[in-house]
A.B. asks: 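Sharing a structure, written as structure tokens. Questions coming.
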Amino acid sequence: MQVRGMAQRMQQLGTETAFEVLARARALEAEGRSIVHLEIGEPDFDTADFIREAAKAALDRGETHYVPTAGLRELREAIAASIHSSRGVLVDPRRVLVTPGAKPIMFYTVLATAGPGDEVIYPDPGFPIYSSVVRFAGATAVPLPLRESNGFRVDPDELAALCTSRTRLVILNSPGNPTGAVSTDEELAAIARVAERWDAYVLSDEIYRPIAYEGPAPSFYAQAGMPARTILLDGFSKIYAMTGWRLGFGVFPPELVAGVERLIVNSVSCTAPFVQRGGIAALTGSQAPSVAMVEAFRQRRDFLVQALGEIPGLHCLVPQGAFYAFPRIDRFGTSQEVERGLLQEAGVAVLAGTAFGEAGEGYVRLSYANSLENLHEAVERIRRWCRDR
Amino acid sequence: MELSARLRAMAPSPTLALDQKVKARIKRGERVTPFHLGEPDFDTPVAAAQAAIDAIHAGKTHYTQAAGIPELRAAVAGKLRRDQGLAYAPEDVLVSVGAKHSLYNLFMTVLDPGDEVVIPSPYWVTYPDQVRLTGAIPVIVPCGPDTGYKLTAAALKEALGPRTRAVVLNSPQNPTGAVYTRQELEDLARVIVGHPDLLVVSDEIYEKLVYGTSTHTSIASLGPEIFARTVVVNGCSKAYAMTGWRIGYMAGPRPIIQAAGDFQSQVTSNPTSIAQWAAVEAIAGDQSPVEAMRRAFDRRRQLMVEHLSAIEDVTVMDPGGAFYCFPDVSRRLQRPVLGRMLSSSAELAELLLEEAQVSTVPGEAFGAPGHLRLSYACDDDTIREGVGRMRDLLAR
């Protein structure tokens, strides 16, 4: 083919290893091998019936045409009301921008705030897309190590030590992927002071916030003065088991709203209206299915963490939120060796901690968005593999 | 704190103020003849909507492959073979959140800062905006009524330079309705394959809406050399009246499709799962709703052209495709309207809204001042009455 290669920035694009491991696991299954899937971060629950009915009713009404770029007014108002009730923050619905999933909010936020020469601090280990989109945007990605000794929570002093006059954006994720760590209110308050001191924006990814096991997870967005400099990222995928629908949102400081809206109009136009109707139903309808789902996750967490802890040589902190366990496995090899060994030899698909950054070396991530029965089987296979290793 | 340089460089839309005035009027319940709209007034074919409802019932509400479900990528590959004679494998197809999203993913994937992209004007404003967002430079080539608003091989050759990376072709074209003939595309293709590293972005979103003697040809179908240089962009919005579903796609050289798929996977993930199932039905199922819509548009097109042609000092090309007329009003602007001289088609569009309650999009929005875009995605009476009120105003 005669055409030249890709744009330079494409070399900066990382990978989301989960999908690669999934593909390898599927290939083994095609050969007849049995694999327990603990690699994908997706609730195994189905979307609640009343949410599905709301979307279906919208289709029946013919709500299939273009809608405003920023989202349906009713949805933006419902989101603002939900933020008020969940975080005690009054939000102007005009600052809420609805997108097909929450992922686009990450990229839009980075595009809107950072460019070449700017620094963006991101959690390591953390969701791999953060650093990838920062580098893609031409900015410098600065890892903030999360340490097991600190429960994988952000240490505000360590954050302060990384900040410079070039720091434009700090990315936070509590409850966090891949560790399940939840920052305390005091820690978030200290982080807020650091952000003020360096006049940085903060992207607070709170997608896992409702999935917390030791009382409500504190919200960075609720810290005094922070809505003025914080982009709140949230969505419907996890807590309403709506991954395939693609519905998320960001709440932006006023000066970013018009610019980000232009990014949305120039990339996706708008979010499907019948999907948004499902979102309105999710927010305003019964929360019982979500509560039941979190309770199920809690049972699985309790089982998994205890069972992993009983495996000699393996050490696992108790995650306070999200649906991931992040055990230390360095006795058995590098993260990648353990990922490969567990998949090939034990038939358990997990992710190497290094998929989430260099600081993830020595750990693997297990998603417990899977049935208790499968988790039992996975633990048994892991136990045998560790014993024979 | 301030916005990134990238965002500051994105100028607000030249017609944003007018657009907001129109929306405010409609919101207040005032009557506005909506010739500004850019979407079919038909509803989604029943079978496609039913496929989505079936998918909801079947619980197909989880993540899908980021590049689209295999069934849809296969359906698109099958459609491109069936309708355009193009031999793409499903792996050469990337499904995105609307055709605009396909273009955005593509430009992000292939354009470096300083690269040049040839864009014929009148153009859809998204092309230059998206190109600028990547740091690349739109090179606008004006194409007037003398060439039927189409880019000629000679004009293209003139615009090419060492940094030219891509040329955007849009046929049938928004806003003029122009349709390139096979011969015209062959001439362009010859220039393109003679220039190293040049890609063609062929936006064929209005493909199904062609009228009279016009036929749609994909430039990618004109031989293996140009096929290897072309990325075809299309979607469900216009052909199947599925604008709100947000399903578009591109097909092209596999390395580009894979890279664009990686980019989409990172910043968006998959398009809505149930919308993808609706798209499978729309693209691979019964195509008769498309023909019914096309016939209705064709009738309205003739009606609108007939009524616009009756207005003094307004000339209108017979559009061969899409659902727009793009009358040239520059001659009319040389005389006062309602006793005052207007300086631009943007001012005329404002006046039409204020005094005749007719909403149009001025040519400024498409890089072609002196024109108005009128959509005929509305019923016959609306066309007669709206164009009638325009004629009355322009007679004063």
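The figures here come from the full heavy-atom set of this structure, side chains too, leaving out hydrogens, waters and symmetry mates. All chains are named by letter (A, B, ...) in the order of the sequence lines, taking the proteins before the strands, and each is independently numbered beginning at 1. On a predicted model such as this, the values are computed, not experimentally measured, just so you know.
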A.B. asks: What part of B/Ala5 gets within 4.5 angstrom of chain A, counting heavy atoms only: side chain, backbone, both, or neither?
C.D. replies: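 For B/Ala5, no heavy atom lies under 4.5 Å from chain A.
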A.B. asks: Using a cut-off of under 4.5 Å for heavy-atom pairs, which of B/Lys23, B/Gln65, B/Arg246, B/Gln130 has the most such pairs with chain A?
C.D. replies: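 Max contact count across the listed options: B/Arg246.
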A.B. asks: With the threshold set at 4.0 Å, does a side-chain nitrogen-carboxylate oxygen contact exist between A/Arg166 and A/Asp118?
C.D. replies: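 Salt bridge absent between A/Arg166 and A/Asp118.
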A.B. asks: Heavy atoms only, distances under 4.5 angstrom: which of A/Ile40, A/Val67, A/Val265, A/Ile105 has the most pairs with chain B? Name it, please.
C.D. replies: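 So the answer, after comparing A/Ile40, A/Val67, A/Val265, A/Ile105, is A/Val265.
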A.B. asks: Does any heavy atom of chain B fall under 4.5 Å from the side chain of A/Leu111, the backbone, both, or neither of them?
C.D. replies: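 Both backbone and side chain.
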A.B. asks: Any side-chain heavy atom of B/Asp112 within less than 4.5 Å of one from B/Arg165?
C.D. replies: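 With C-beta onward as the side chain, the pair stays apart.
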A.B. asks: Does any heavy atom of chain B fall under 4.5 Å from the side chain of A/Ala139, the backbone, both, or neither of them?
C.D. replies: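 For A/Ala139, there is no contact with chain B at all, as no heavy atom is under 4.5 Å.
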A.B. asks: Using 0.5 Å steps for rounding, measure from the NE2 atom of A/His65 to the CZ atom of B/Phe42.
C.D. replies: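 If we round to the nearest 0.5 Å, A/His65:NE2 and B/Phe42:CZ are 10.5 Å apart.
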A.B. asks: Picking from B/Phe263, B/Tyr63, B/Tyr104, which has the most non-hydrogen pairs under 4.5 angstrom with chain A?
C.D. replies: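 Top count of heavy-atom pairs under 4.5 Å with chain A: B/Tyr63.
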A.B. asks: Under a 4.5 Å heavy-atom cut-off, does chain A meet the side chain of B/Ile56, its backbone, both or neither?
C.D. replies: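 B/Ile56 touches chain A through backbone and side-chain heavy atoms alike.
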A.B. asks: Can you tell me how far the CG atom of A/Leu203 sits from the CE atom of A/Met106, to the nearest 0.5 Å?
C.D. replies: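 One finds 7.0 Å between CG of A/Leu203 and CE of A/Met106.
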A.B. asks: Which one of A/Gly101, A/Gly115, A/Ala114 has the most heavy-atom pairs closer than 4.5 Å to chain B?
C.D. replies: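 Counting heavy-atom pairs under 4.5 Å, the top option is A/Ala114.
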A.B. asks: Which atom names give the shortest non-hydrogen contact between A/Ala25 and A/Glu39, and what distance separates them?
C.D. replies: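 Nearest pair, atom of A/Ala25 first, then A/Glu39: CB-OE2, 4.0 Å.
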A.B. asks: What's the verdict on ring-ring contact (aromatic ring centres under 6.0 Å, His included) for B/Tyr88 and B/Phe227, showing C-alpha distance, side-chain angles and the deciding distance?
C.D. replies: CA-CA 10 Å; B/Tyr88 290 113; B/Phe227 178 76; 4.8 Å; yes
A.B. asks: For residues A/Thr109 and A/Tyr201, is any side-chain donor paired with an opposing acceptor at under 3.5 Å?
C.D. replies: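 Checked: A/Thr109/A/Tyr201 side chains show no N/O donor-acceptor pair below 3.5 Å.
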A.B. asks: Does any heavy atom of chain A fall under 4.5 Å from the side chain of B/Thr64, the backbone, both, or neither of them?
C.D. replies: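 Neither the backbone nor the side chain of B/Thr64 comes within 4.5 Å of chain A.
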A.B. asks: Against chain B, label A/Phe45 side chain, backbone, both or neither, depending on which of its atoms sit under 4.5 Å from a heavy atom there.
C.D. replies: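 Backbone of A/Phe45 only, per the 4.5 Å heavy-atom cut-off to chain B.
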A.B. asks: Let's test your reading of the structure: which of A/Ala137, A/Gly248, A/Ala241, A/Pro68 forms the most heavy-atom pairs below 4.5 Å with chain B?
C.D. replies: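 Option with the top pair count is A/Ala137.
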A.B. asks: What residue in B/Asn270, B/Thr44, B/Ile247 has the most heavy-atom pairs under 4.5 Å with chain A?
C.D. replies: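 Max contact count across the listed options: B/Asn270.
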A.B. asks: Is A/Glu53 close to chain B through its backbone or its side chain, or both, or neither, when contacts mean heavy atoms under 4.5 Å?
C.D. replies: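 It is the side chain, since no backbone atom gets that close.
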A.B. asks: Select, from B/Val267, B/Leu103, B/Ile53, the one with the greatest count of heavy-atom pairs under 4.5 Å involving chain A.
C.D. replies: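 Top option by heavy-atom pairs under 4.5 Å: B/Val267.
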A.B. asks: Got a second to check how far B/Lys27's NZ is from B/Gln20's CD, nearest 0.5 Å?
C.D. replies: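 Spacing of NZ (B/Lys27) from CD (B/Gln20) equals 11.0 Å.
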A.B. asks: Taking every heavy-atom pair that is under 4.5 Å apart, which of A/Ala102, A/Ser132, A/Gly62, A/Pro128 has the most such pairs with chain B?
C.D. replies: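 Highest number of heavy-atom pairs under 4.5 Å: A/Ser132.
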A.B. asks: Measure B/Ser96 against the heavy atoms of chain A and call it side chain, backbone, both or neither at under 4.5 Å.
C.D. replies: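 B/Ser96 has no heavy atom closer than 4.5 Å to chain A.
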A.B. asks: Answer yes or no: are there more than 12 heavy-atom neighbours, outside A/Arg61 itself, under 6.0 Å from its atom CZ?
C.D. replies: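 Above 12, so yes.
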A.B. asks: Which of the residues A/Pro273, A/Pro116, A/Ser269, A/Pro253 is involved in the greatest number of heavy-atom pairs with chain B at under 4.5 angstrom?
C.D. replies: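 The candidate making the most pairs under 4.5 Å is A/Ser269.
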A.B. asks: Among A/Val133, A/Leu263, A/Val275, A/Thr271, which residue forms the greatest number of heavy-atom pairs with chain B at distances under 4.5 Å?
C.D. replies: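 If we count pairs closer than 4.5 Å to chain B, A/Leu263 comes out on top.
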A.B. asks: Testing the 3.5 Å rule here: is there a donor-acceptor pair between the side chains of B/Thr164 and B/His195?
C.D. replies: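 No, B/His195 and B/Thr164 have no side-chain donor paired with an acceptor closer than 3.5 Å.
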A.B. asks: Testing the 3.5 Å rule here: is there a donor-acceptor pair between the side chains of B/Asp262 and B/Gln258?
C.D. replies: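 No, no side-chain donor-acceptor contact under 3.5 Å.
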